2 protein chains.
Amino acid sequence: MKAEATRQKIVERADELIYAKGFGETSFADIAGAVGISRGNFYYHFKSKDEILDAVIEKRLVDRERLLANWGETSDDPLKRIECFIKIVVVNQTKIMAYGCPVGTLTAELAKIDHGSGAKANEILALFRDWLTRQFLELGCGGEASAHALHVLSWSQGVATLAQAFKDEAFVRREVEQILDWAEAVKNQTGHAPKSATGR
Amino acid sequence: MKAEATRQKIVERADELIYAKGFGETSFADIAGAVGISRGNFYYHFKSKDEILDAVIEKRLVDRERLLANWGETSDDPLKRIECFIKIVVVNQTKIMAYGCPVGTLTAELAKIDHGSGAKANEILALFRDWLTRQFLELGCGGEASAHALHVLSWSQGVATLAQAFKDEAFVRREVEQILDWAEAVKNQTGHAPKSATGR
DNA sequence: AGAGGATTAGGACATTTGACCTAATATGTC
DNA sequence: GACATATTAGGTCAAATGTCCTAATCCTCT
């Protein structure tokens with residue numbers, strides 16, 4: 001199956017280019033050039049630009065699912081898993097400073113142009129949201145779990161946006177420390193005083 | 001000066017369209033159509049697409065400066081002024097849910113395509129950052145003022161991003177309440193225990 | 001009122017770019 | 001060699017940018 005290998009390469013390069021330049025600014029020729037194949041060959045695998053986009057979103061979804069599954073196997077402590085999520089902004093700092101969050105910037109762009117695949121792109125965010133909710137539930141946060149999940153997800157998007165704009169490593173470090181402290185506080189509170197939602 | 005009026009109209013419509021569709025997806029024809037003028041007239045005022053972008057960014061800068069100045073006159077209490085900033089996400093909720101943050105989404109797009117005006121767009125974020133820093137300084141936060149400013153700015157970007165993705169009003173309300181509480185706590189802490197930076 | 005500059009409409013045209021398509025060729029497999 | 005699979009090299013077509021020009025109209029000043 002040589003076709004499958006080529007197809008994968010196309011999706012990989014397209015993923016990178018769409019991340020780096022945005023969907024609208026990424027052309028057939030760009031991707032074909034990056035892969036090193038002709039435009040015609042490209043069309044053999046994907047009949048339209050939207051098809052590539054769908055494939056890229058699908059790949060991102062699968063990649064993130066795998067990532068989350070790995071974290072699930074790494075530790076039994078939900079707090080540790082939440083910390084893994086938080087630390088992505090440090091692990092991927094260089095790319096985030098250059099291109100922002102791959103998920104956030106794509107969903108924003110697709111929402112603006114009212115693209116049909118926008119909903120699919122949102123599923124990646126929803127995947128993170130639901131996964132985080134489950135972690136907070138395991139922590140014993142009960143009804144506040146989903147609010148906490150959105151809080152962390154929102155935090156990550158804000159940090160990514162400012163990191164891209166200002167390229168300020170100290171800012172990222174500070175924010176990570178703060179939210180890690182917050183997460184720990186959430187865990188410690190859930191035992192005895194599980195109400196104060198504003199105790200961030 | 002009829003030309004000035006026309007020019008302003010062009011910039012206004014261009015501002016709206018670039019906000020709603022993004023810079024890359026907004027064409028000359030789009031803007032000319034929205035204003036209701038001919039293409040020839042259009043080129044009489046702007047010789048290139050980049051020129052319009054610059055004018056739009058300039059307008060946004062001036063608009064925001066005026067907005068901040070107004071808040072400065074509204075209240076002597078820096079905390080109240082910070083609250084004004086925080087509440088933008090509620091005041092502009094409808095548009096944010098549709099198109100995200102005008103400033104954040106534009107800076108992200110321009111950074112990706114490595115556009116020369118990206119730096120100018122970043123100035124709007126810097127304007128907010130510096131203004132917020134001044135408010136926290138007035139609150140007596142000292143060396144933590146700029147970190148607090150970035151924290152609030154980052155918060156607003158995160159909320160805007162998720163608001164656009166999930167269109168969840170309750171989430172926005174919750175986040176606003178939380179950060180308002182945090183801001184108040186920052187103020188109350190500065191009197192006696194001004195160190196705990198993580199006390200968010 | 002009229003001269004003259006400023007503004008607007010409208011269109012012709014060159015150029016580029018990108019999405020999309022096709023016919024011919026290559027590659028490998030049986 | 002036959003056959004399906006994979007790839008290439010071209011070309012078409014529409015849209016967008018950018019340039020230029022001409023003829024109206026509007027405004028202002030005298």
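Computed over heavy atoms, backbone and side chain alike; hydrogens, waters and symmetry mates excluded. For clarity, every value in this text was computed on a predicted model and none was experimentally measured. Every chain is numbered from 1, with letters handed out A, B, ... down the list of sequences.
Look at CG on B:Asp50: it is 7 Å from P on D:dG18, rounded to the nearest Å. In this structure, NZ of B:Lys9 is placed 13 Å from C1' of C:dT7, rounded to the nearest angstrom. Distance NZ (A:Lys49) to P (C:dC20): 9 Å, rounded to an integer number of Å. The distance from atom CG of A:Asp30 to atom P of C:dT16 is 18 Å, rounded to the nearest whole Å. One atom, CD1 of B:Ile37, and another, P of C:dG10, lie 11 Å apart when rounded to the nearest Å. Between B:Tyr43 atom OH and D:dG18 atom P the separation is 5 Å, expressed in whole Å. Going from atom CG of B:Asn41 over to atom C1' of C:dG11 covers 14 Å, rounded to whole Å. At whole-Å resolution of the value, CZ in B:Phe46 and P in D:dA16 are 20 Å apart.
Of the side-chain N and O atoms in A:Ser38, none sit less than 4.0 angstrom from OP1 or OP2 of D:dG10. Look at A:His45 and you'll find a side-chain N or O under 4.0 angstrom from OP1 or OP2 of D:dT7. For the pair A:Thr6 and D:dT7, the criterion of a side-chain N or O lying under 4.0 Å from OP1 or OP2 is met. An OP1 or OP2 oxygen of D:dT7 is reached within less than 4.0 angstrom by no side-chain nitrogen or oxygen of A:Tyr44.
Salt bridge present: B:Asp15 and B:Arg60 bring a charged side-chain N and a carboxylate O closer than 4.0 Å. Ion pairing between a basic and an acidic side chain is recognised when a charged N comes within 4.0 Å of a carboxylate O; A:Arg81 and A:Asp77 show no such pairing. At a threshold of 4.0 Å, the pair A:Glu177-A:Arg174 does not count as salt-bridged, since none of the basic side-chain nitrogens sits closer than that to a carboxylate oxygen.
B:Phe171 and A:Leu137 sit in two unconnected hydrophobic clusters of ILVMFWY residues. Membership requires side-chain heavy atoms under 4.5 Å apart, directly or through other members.
In this structure, a donor-acceptor pair under 3.5 Å is absent between the side chains of B:Thr133 and B:Asp130.
Within the 4.0 angstrom heavy-atom criterion, only backbone atoms of the sugar-phosphate kind lie near B:Phe28; the bases stay farther away.
Put simply, the side chain of A:Arg39 and the base of C:dG18 share no donor and acceptor less than 3.5 Å apart.
Of the candidate nucleotides D:dT17, C:dG10, D:dA6, D:dT17 has the atom nearest to the side chain of B:Ser27.
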